[in-house]
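Every number for a ligand or one of its atoms is a count from 1 in the order of the listing.
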Amino acid sequence: MDRQPLPPDDARAWLDVDLDALRRNARRIAAHSGTRLTPVVKADAYGVGAPAVARALEGEAPWGFAVATVTEGVALRAAGVTRPILVCPPVLPAEFPAAAASKLTLALGQGGHVDQWKAAGGTAWHLSIDTGMSRAGVRWDEVDAMHAAALRWAPEGAFTHFMAAERGEASMTEQEERFRAALAQLPERPLLLHAENSAAAARRTSRYDFIRPGVFLYGVGSGPGAQLLPEPVVAVRARITDVRRVERGESVSYDAQWIAHGSRRIATVGLGYADGYLRALGNRAHMLLRGKRVNVVGVVTMDMTMIDVTDVPCEIGDTVTVMGADGDDVITAEELAALVPASPYELLTGLHLRLMRRYAGSGA
Ligand SMILES: *Cc1c(COP(=O)(O)O)cnc(C)c1O
């Protein structure tokens with residue numbers, strides 16, 4: 001499989017990815033759910049790097065990998081993945097030939113698409129059933145519309161997606177009743193049924209043939225009430241690229257949104273919102289410098305973010321932890337997301353735009 005260029009030792013900013021922690025998270029959620037994995041590696045594995053993640057999880061004998069676009073599936077094939085690759089969202093027929101050429105498995109929810117997928121050379125499909133997301137797939141109470149197509153070519157699998165598994169059982173119970181009713185409309189039970197995302201898989205034993213966890217693998221927990229917590233996998237680090245003195249009454253960054261109340265020492269960190277460090281984190285977030293929390297001051301700019309380092313000795317070239325652990329303290333994706341406010345998913349998937357990745361752990 002392809003390998004990404006490593007960040008040079010003098011990189012201004014990078015992601016540290018712990019592949020051993022990723023593997024332990026995968027093992028933990030698979031053991032807890034009592035079934036196989038189909039790791040979700042869409043959006044370049046939530047920013048962590050899909051080829052490296054697929055390579056690291058290959059040893060866990062997953063059924064396959066799930067992605068969100070044909071392009072992502074084609075890229076995984078190019079990276080050497082030979083297991084099934086399921087594209088979960090709907091794919092437009094114009095992309096069927098490319099999907100077939102890479103032997104992807106499509107999720108279909110339109111009767112007409114089944115025959116078109118076969119004509120394009122498709123080799124397998126899963127029936128996508130909408131039980132409450134109102135986003136993709138055939139409605140649970142309209143599955144009879146797929147009966148004829150499923151008779152001509154049986155789906156290998158059928159699945160649904162939970163809308164609020166992190167909020168507990170109630171909505172899941174209703175969605176599963178709908179899922180069961182829908183499956184009863186098919187000529188036969190598909191070989192593979194699947195539904196559980198991270199939040200569902202972290203809360204109970206699986207009722208299906210594999211689970212589809214994403215965010216848990218990458219170290220982000222799925223809300224209160226989860227029986228399992230993941231280990232952190234990703235840290236974002238950047239270097240101090242400039243340091244200056246700012247006197248009382250002087251401002252930092254655009255629009256003078258932070259003003260010094262006395263003489264302060266301000267360091268510039270070489271990362272900004274074009275790297276995915278959201279602008280809304282300005283004047284709110286902390287970073288870790290030599291294991292101590294320091295304040296982000298002023299608005300985050302496209303390529304640079306300023307911190308108040310008056311109390312922590314430092315110099316140009318020193319490393320700052322933007323997210324992740326340093327010493328005894330840790331800044332989590334959840335903490336940063338709550339400040340914006342955004343979801344930790346958004347934060348994690350955004351934090352890779354211009355950042356190189358440094359992988360650690362066996363197989364790195
Ligand atoms: C993104 C996605 C998942 C994974 O969700 P997590 O909350 O990250 O575990 C699973 N299934 C489908 C259909 C998805 O779109």
Please tabulate, line by line, the atom pairs linking an N/O of ligand 1 to a protein N/O at a distance below 3.5 Å, with the distance in Å to 0.1, or answer 'none'.
unit_1: ligand 1; atom_1: 7 (O); unit_2: Y345; atom_2: OH; d: 2.6
unit_1: ligand 1; atom_1: 8 (O); unit_2: Y46; atom_2: OH; d: 2.5
unit_1: ligand 1; atom_1: 8 (O); unit_2: V215; atom_2: N; d: 2.8
unit_1: ligand 1; atom_1: 9 (O); unit_2: S198; atom_2: N; d: 2.8
unit_1: ligand 1; atom_1: 9 (O); unit_2: S198; atom_2: OG; d: 2.5
unit_1: ligand 1; atom_1: 9 (O); unit_2: G214; atom_2: N; d: 2.9
unit_1: ligand 1; atom_1: 11 (N); unit_2: H161; atom_2: ND1; d: 3.4
unit_1: ligand 1; atom_1: 11 (N); unit_2: R212; atom_2: NE; d: 2.9
unit_1: ligand 1; atom_1: 11 (N); unit_2: R212; atom_2: NH2; d: 3.2
unit_1: ligand 1; atom_1: 15 (O); unit_2: K42; atom_2: NZ; d: 2.8
unit_1: ligand 1; atom_1: 15 (O); unit_2: R135; atom_2: NH2; d: 3.4

Just by distance, no angles: are the side chains of R265 and T310 close enough, under 3.5 Å, to form a donor-acceptor pair? no
So does D329 pair up with R293, basic N to acidic O under 4.0 Å? yes
Could you verify whether a donor N or O on one side chain and an acceptor N or O on the other, from W117 and D115, lie under 3.5 Å apart? no
Quick check: is L228 connected to F162 through a chain of hydrophobic side chains (ILVMFWY, heavy atoms under 4.5 Å apart)? no
Side-chain donor-acceptor pair under 3.5 Å between H286 and N295, yes or no? yes
Let me check something: any side-chain donor-acceptor pairs from residues 85-99 under 3.5 Å, sequence neighbours excluded? List them with distances.
none

